[in-house]
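These notes concern the structure reproduced below.
Labels below follow one simple rule: chain letters A, B, ... track the order of the sequence lines, proteins then strands, and each chain is numbered from 1.
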There are 2 protein chains.
Amino acid sequence: MRDDRFCNSNCPFTRAIGTIGNKWKPIIINVIGIRTIRFGQLASIIPLISRKVLTEQLKELEEDGLLERLAYKELPPRVDYKLSEKGLAFLPILEHIKEWNLKYEVAPISGDTDKKSRISYPG
Amino acid sequence: MRDDRFCNSNCPFTRAIGTIGNKWKPIIINVIGIRTIRFGQLASIIPLISRKVLTEQLKELEEDGLLERLAYKELPPRVDYKLSEKGLAFLPILEHIKEWNLKYEVAPISGDTDKKSRISYPG
DNA sequence: TATTCTGGTTACTAATGGGTAACTACAAAT
DNA sequence: ATTTGTAGTTACCCATTAGTAACCAGAATA
């Protein structure tokens, strides 16, 4: 999922894209936001992602220092995720992307324009 | 390459990720910047991308209104690409990503730390 | 005693991504 | 007459990605 050729670039921008440049990670970071959230909550808020892929993405985000993982030794297990300082510092960028899209997005060419048929998070 | 489930979301952020949330598009937009550039130049600046994929990405960027394509009816063919207003408006966001990475990137854990072995653009 | 609950992991399979090489057009240069 | 150059397109194939279903622990609940 991470592209080592990107992550080993000497260009900081390319390296950044190597770590967050896929479709799921920005979504996950945006969903977590400033709160602490559990694995199951994430999985239900983003139903289109499979648990397997969600696990992988969370692991990579943790390895890349965007995410903190707190596993309680309980049964049934409980795991809390929250953004690190680095992850939190990325939130404003996601805000900019949102605003950029709102300002410039072209209307969909075909299909229904009924906003109600759209879903909040891929699912 | 584009994920329709993302592009049809009612969340503007998710839609944005649907259009620019992959590894090549931010790189391409960043390389073009404010200049006008030809296909061959792009291909040589980003050698890791194959011409096939570069073509696909450019086509999608054009369809999504980030890119303007100017084909001259000459032989050999000449095609100029440049960012649209929407594309240009995305550049500051890429700048933020670059700064964010410089500020928070953790040092690579293993392998060579020799920056000279790093490449500027994936290739 | 059986079921539920959580946060995974694993094995297997299907779908997609992406690479390579060959090919196009035609003018200009060798 | 052949090669060169540009910006692709196409067919074919392999590698990676992602989905599905089954399985785990062990306490609490029914």
Side-chain angles (χ1 to χ4, degrees), chain A residues 1-7 14 17-28 31-32 35-63 67-82 121-123, chain B residues 1-7 14 17-28 31-32 35-63 67-82 121-123:
Chain A
M1 187 109 262
R2 249 173 326 197
D3 191 320
D4 286 338
R5 299 169 308 180
F6 278 55
C7 294
T14 302
I17 296 302
T19 60
I20 48 83
N22 74 21
K23 63 181 180 185
W24 287 122
K25 285 176 185 169
I27 297 285
I28 291 171
V31 165
I32 298 180
R35 65 180 147 173
T36 293
I37 199 169
R38 295 176 61 177
F39 182 85
Q41 287 180 281
L42 275 171
S44 64
I45 293 173
I46 320 174
L48 267 193
I49 198 173
S50 69
R51 313 197 127 221
K52 178 189 156 198
V53 173
L54 180 55
T55 304
E56 289 167 359
Q57 300 293 303
L58 291 171
K59 193 178 292 178
E60 289 187 4
L61 285 171
E62 194 199 350
E63 286 170 4
L67 204 55
E68 285 165 18
R69 182 179 182 276
L70 265 148
Y72 301 89
K73 292 199 178 304
E74 297 174 0
L75 272 164
R78 179 157 67 97
V79 179
D80 280 343
Y81 290 95
K82 60 173 201 163
Y121 273 101
Chain B
M1 186 112 261
R2 249 173 324 195
D3 190 320
D4 287 336
R5 300 169 306 180
F6 278 55
C7 295
T14 302
I17 296 302
T19 59
I20 47 84
N22 73 20
K23 62 181 181 185
W24 288 121
K25 285 175 186 170
I27 298 285
I28 292 170
V31 165
I32 298 179
R35 65 180 147 174
T36 292
I37 199 170
R38 293 177 61 176
F39 183 84
Q41 286 180 281
L42 275 172
S44 64
I45 294 174
I46 321 174
L48 267 193
I49 198 172
S50 69
R51 313 199 127 221
K52 178 190 155 195
V53 173
L54 180 55
T55 304
E56 289 167 359
Q57 300 294 302
L58 290 171
K59 193 178 292 178
E60 289 186 3
L61 285 171
E62 194 198 351
E63 286 170 4
L67 203 56
E68 285 165 20
R69 182 178 183 276
L70 264 148
Y72 301 90
K73 291 199 177 304
E74 297 175 358
L75 271 164
R78 180 157 67 98
V79 179
D80 280 344
Y81 290 96
K82 60 173 200 161
Y121 273 102

Over how many whole Å does the gap from [X] atom [atom1] to [N] atom [atom2] extend?
X	N	atom1	atom2	value
B/Q41	D/dG5	CD	P	16 Å
A/F39	C/dC5	CZ	P	16 Å
A/L54	D/dG19	CG	P	11 Å
B/E62	D/dA7	CD	P	15 Å
B/Y72	D/dT6	OH	P	16 Å
A/K25	D/dT17	NZ	P	11 Å
B/D3	D/dG19	CG	C1'	14 Å
B/R69	D/dA7	CZ	P	10 Å

- Query: Which word best sums up how the rings of A/W24 and B/F6 line up, parallel for under 30°, tilted for 30 to 60°, or perpendicular for over 60°?
  - Reply: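 If you compare the ring of A/W24 with that of B/F6, the planes turn out perpendicular.
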Would you indicate whether the side-chain heavy atoms of [Y] and [X] approach each other to under 4.5 Å?
X	Y	value
A/L58	A/Y81	yes
B/D80	B/I37	no
B/K25	B/L61	yes
A/R2	A/E60	yes
A/K23	B/D3	yes
B/L67	B/I32	yes

- Over all atoms of both residues, closest heavy-atom pair of A/R38 and A/P77: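 Between these two residues, the closest heavy atoms are NH2-O, 3.8 Å.
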- Query: Can a side chain N or O of A/Y81 be found less than 4.0 Å away from OP1 or OP2 on C/dG8?
  - Reply: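 Yes, such a contact exists.
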- Between D/dG26 and A/R78, is there an OP1 or OP2 to side-chain N/O distance shorter than 4.0 Å? no
Expected rows: protein N/O vs nucleotides 1-4 of chain D N/O, under 3.5 Å:
none

- Task: Among the candidates C/dG8, D/dA7, C/dT9, find the nucleotide nearest to the side-chain atoms of A/V79.
- Result: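 The answer is C/dG8, which lies nearest to the side chain.
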- Query: Going 5' to 3' along nucleotides 12-30 of chain C, which nucleotides have protein heavy atoms under 4.0 Å from the base (write B), which only from the sugar-phosphate (write S), and which from neither (write -)?
  - Reply: -----SBBB-----BS---
- Message: Please classify the nucleic acid contact of A/K59 as base, sugar-phosphate, or nothing, using heavy-atom distances under 4.0 Å.
- Response: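 Sugar-phosphate contact only.
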- Give a yes or no answer on whether the side chain of A/Q57 reaches the backbone of A/L54 with a donor-acceptor pair at less than 3.5 Å.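 Side chain of A/Q57 to backbone of A/L54, a donor-acceptor pair under 3.5 Å: no, none is there.
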